[in-house]
**Student:** 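One structure, as structure tokens, below. Some questions next.
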Amino acid sequence: MSVMAVVHRHSELPGEPYDLWMRDELTDILDLPHDGTRAEIIGGEIVVAPGPKLAHSLIVSDIHEAIAVAKAADSEFRWLCVQTQDLNLSDIHDGYIPDLCVLDRDIARQARRDDVHKLLPHQLALAVEVTSPSTAAEDRQPGARRVRPSKWNGYARVGIEYYLIADRDPKVAAATLFTVPDRESGTYRESVTWKFGETIDLPDPFGVSIRTDEWTPWE
């Protein structure tokens, strides 16, 4: 069973959650297993989620592969991907681990030379998240009952221009691309949605089509 743990009592930790995450100490302090379990800071809270199931990972791979194929076919194509890379949202003291980060190749090349450990928002062109039962509420645009900001708010707050979420909830089964972030309100102003089975057409500056024929909701 997938579970999510949120640590509310920050006073029990030997420091602020964000600072511990930045120093790569949080996982050891929480005594988390080294099996793909992730610890992130979302809306100022520690959120722990288990490693993803295969169907989740294959969706990430499908997106990654579509961008890699476009890169291989066009020497002028600007974009490349990295999976499960730490993203330091320093402006709001959050720390995420997106399922997939899409970067401009020149920015990626410079980050490699600088031996960057955690990406910063200005280095990221597109963030991708695939939902699971344990993370869906953290990834989505928050509903009226949610008090704490979600990643949707965080990505907008730090100015990530494009946020793609593949929502495997059987009630949704769709991918949505959010655009035009409003940093002041922490919201996205525009979006476009594709049901599973339809082809995602990422707009310029990406210009990539992603088939979703084999994407399935979780059970």
**Student:** Are any non-hydrogen side-chain atoms of Y163 and L126 less than 4.5 angstrom apart?
**Tutor:** no
**Student:** Would you say the side-chain atoms of R148 pair up with the backbone N or O of I42, donor to acceptor, closer than 3.5 Å?
**Tutor:**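 Answer holds: yes.
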**Student:** Taking ILVMFWY side chains as joined if any heavy atoms are under 4.5 angstrom apart, and letting links pass through other members, which residues group with V69?
**Tutor:** none
**Student:** Go through it in stages, so that I can follow the logic: the residues are I67 and L80, the test is side-chain contact (heavy atoms from CB on, under 4.5 Å), and I'd like the CA-CA distance, side-chain angles, deciding distance and then a yes or no.
**Tutor:** CA-CA 7 Å; I67 292 173; L80 56 81; 5.8 Å; no
**Student:** Atom CG of L13 and atom CD1 of I46: how far apart are they, to the nearest 0.5 Å?
**Tutor:**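 L13 CG to I46 CD1: 4.5 Å, rounded to 0.5 Å.
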**Student:** Among V60, L164, I59, find the residue that satisfies the side-chain contact (heavy atoms from CB on, under 4.5 Å) test when tested with V128.
**Tutor:**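 That would be L164; it is the only one of V60, L164, I59 passing the side-chain contact (heavy atoms from CB on, under 4.5 Å) with V128.
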**Student:** With a 4.5 Å limit on heavy-atom distance, are the side chains of Q83 and S61 in contact?
**Tutor:**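 Of all side-chain heavy-atom pairs linking S61 with Q83, at least one is under 4.5 Å.
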**Student:** Which hydrophobic side chains are connected to V180, either touching it within the sub-4.5 Å cutoff or through other members that do?
**Tutor:** none
**Student:** Counting C-beta onward and ignoring hydrogens, is there a side-chain heavy-atom pair between D31 and I29 closer than 4.5 Å?
**Tutor:**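 Side-chain contact under 4.5 Å: no.
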**Student:** Within the 4.5 Å heavy-atom criterion, are P181 and E161 side-chain neighbours or not?
**Tutor:** yes
**Student:** Measure the shortest side-chain to side-chain distance between L103 and C101 over non-hydrogen atoms and say whether it is less than 4.5 angstrom.
**Tutor:** yes
**Student:** Keeping to residues at least two apart or across chains, list the salt bridge (Lys or Arg N to Asp or Glu O under 4.0 Å) pairs with something in residues 209-219.
**Tutor:** R211-D213
**Student:** Side-chain contact test, heavy atoms from C-beta onward, threshold under 4.5 Å: evaluate it for P52 versus S132 and give yes or no.
**Tutor:** no
**Student:** Just to verify, what does H93 make a ring-ring contact (aromatic ring centres under 6.0 Å, His included) with, not counting sequence neighbours?
**Tutor:**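 Testing H93 for ring-ring contact (aromatic ring centres under 6.0 Å, His included), a comparison that skips the adjacent residues, returns Y18.
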**Student:** Answer with yes or no whether the hydrophobic clustering places V102 together with L119; edges join I, L, V, M, F, W, Y residues whose side-chain heavy atoms lie under 4.5 Å apart.
**Tutor:** no
**Student:** Who passes salt bridge (Lys or Arg N to Asp or Glu O under 4.0 Å) against R113, sequence neighbours left out?
**Tutor:**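 For R113 there are no salt bridge (Lys or Arg N to Asp or Glu O under 4.0 Å) partners, ignoring immediate neighbours.
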**Student:** Provide the full list of side-chain hydrogen bond (donor to acceptor under 3.5 Å, both in side chains) pairs with a residue in residues 70-81, sequence neighbours left out, each pair given once.
**Tutor:** R78-D104
**Student:** Determine, stepwise, if the pair L87 / L124 fulfils side-chain contact (heavy atoms from CB on, under 4.5 Å).
**Tutor:** CA-CA 9 Å; L87 178 67; L124 189 62; 3.8 Å; yes
**Student:** Say whether D201 and S209, considering side chains only, have a donor N or O and an acceptor N or O under 3.5 Å apart.
**Tutor:** yes
**Student:** Taking salt bridge (Lys or Arg N to Asp or Glu O under 4.0 Å) as the cut-off, I'd like each qualifying pair that reaches into residues 86-100, sequence neighbours left out, listed once.
**Tutor:**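 Sorted result for residues 86-100: R38-D99, D86-K118, D91-R183.
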**Student:** Applying salt bridge (Lys or Arg N to Asp or Glu O under 4.0 Å), name anything that partners D106, two or more places apart in sequence or on another chain.
**Tutor:**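 Partners of D106 by the salt bridge (Lys or Arg N to Asp or Glu O under 4.0 Å) criterion, ordered by chain and then number, come out as R109.
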**Student:** Tell me the salt bridge (Lys or Arg N to Asp or Glu O under 4.0 Å) pairs involving residues 163-179, sequence neighbours left out?
**Tutor:**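 Output for this query lists R140-D167, R140-D169.
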**Student:** Counting N and O atoms only, with roles assigned by atom type, does the side chain of R105 sit under 3.5 Å from a partner on the main chain of F77, one being a donor and the other an acceptor?
**Tutor:**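 Answer holds: yes.
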**Student:** Could you work out, with ring-ring contact (aromatic ring centres under 6.0 Å, His included) as the rule, every residue matching W21, not counting sequence neighbours?
**Tutor:**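 With sequence neighbours excluded, W21 shows a ring-ring contact (aromatic ring centres under 6.0 Å, His included) to no residue whatsoever.
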**Student:** Between S90 and N88, do the side chains contain an N or O donor and an N or O acceptor separated by less than 3.5 Å?
**Tutor:** no
**Student:** Without swapping roles, check the side chain of S150 against the backbone of Q141 for a donor-acceptor pair under 3.5 Å.
**Tutor:** no
**Student:** Counting distance only, does the side-chain N/O of T135 pair as donor-acceptor with the main-chain N or O of T131 below 3.5 Å?
**Tutor:** no
**Student:** Given F178 and I165, is the side-chain contact (heavy atoms from CB on, under 4.5 Å) satisfied, shown in steps?
**Tutor:** CA-CA 8 Å; F178 294 98; I165 178 172; 3.6 Å; yes
**Student:** To the closest 0.5 Å, what do you measure between OG1 (T84) and CG (L100)?
**Tutor:** 9.0 Å
**Student:** Aromatic rings Y96 and Y155: how do their planes relate, parallel, tilted or perpendicular, breaks at 30° and 60°?
**Tutor:**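 Y96 and Y155: perpendicular rings.
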**Student:** Applying side chain to side chain contact (heavy atoms under 4.5 Å, CB included), name anything that partners D28, two or more places apart in sequence or on another chain.
**Tutor:**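 Listed in chain order: H34.
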**Student:** What residues form a side chain to side chain contact (heavy atoms under 4.5 Å, CB included) with D114, not counting sequence neighbours?
**Tutor:**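 By the side chain to side chain contact (heavy atoms under 4.5 Å, CB included) rule, D114 matches Q110, V116.
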**Student:** Taking it one step at a time, do D139 and W152 satisfy side-chain hydrogen bond (donor to acceptor under 3.5 Å, both in side chains)?
**Tutor:** CA-CA 6 Å; D139 296 334; W152 183 86; over 6 Å; no
**Student:** Report yes if the side chains of H117 and D24 come closer than 4.5 Å at any heavy-atom pair, otherwise no.
**Tutor:** yes
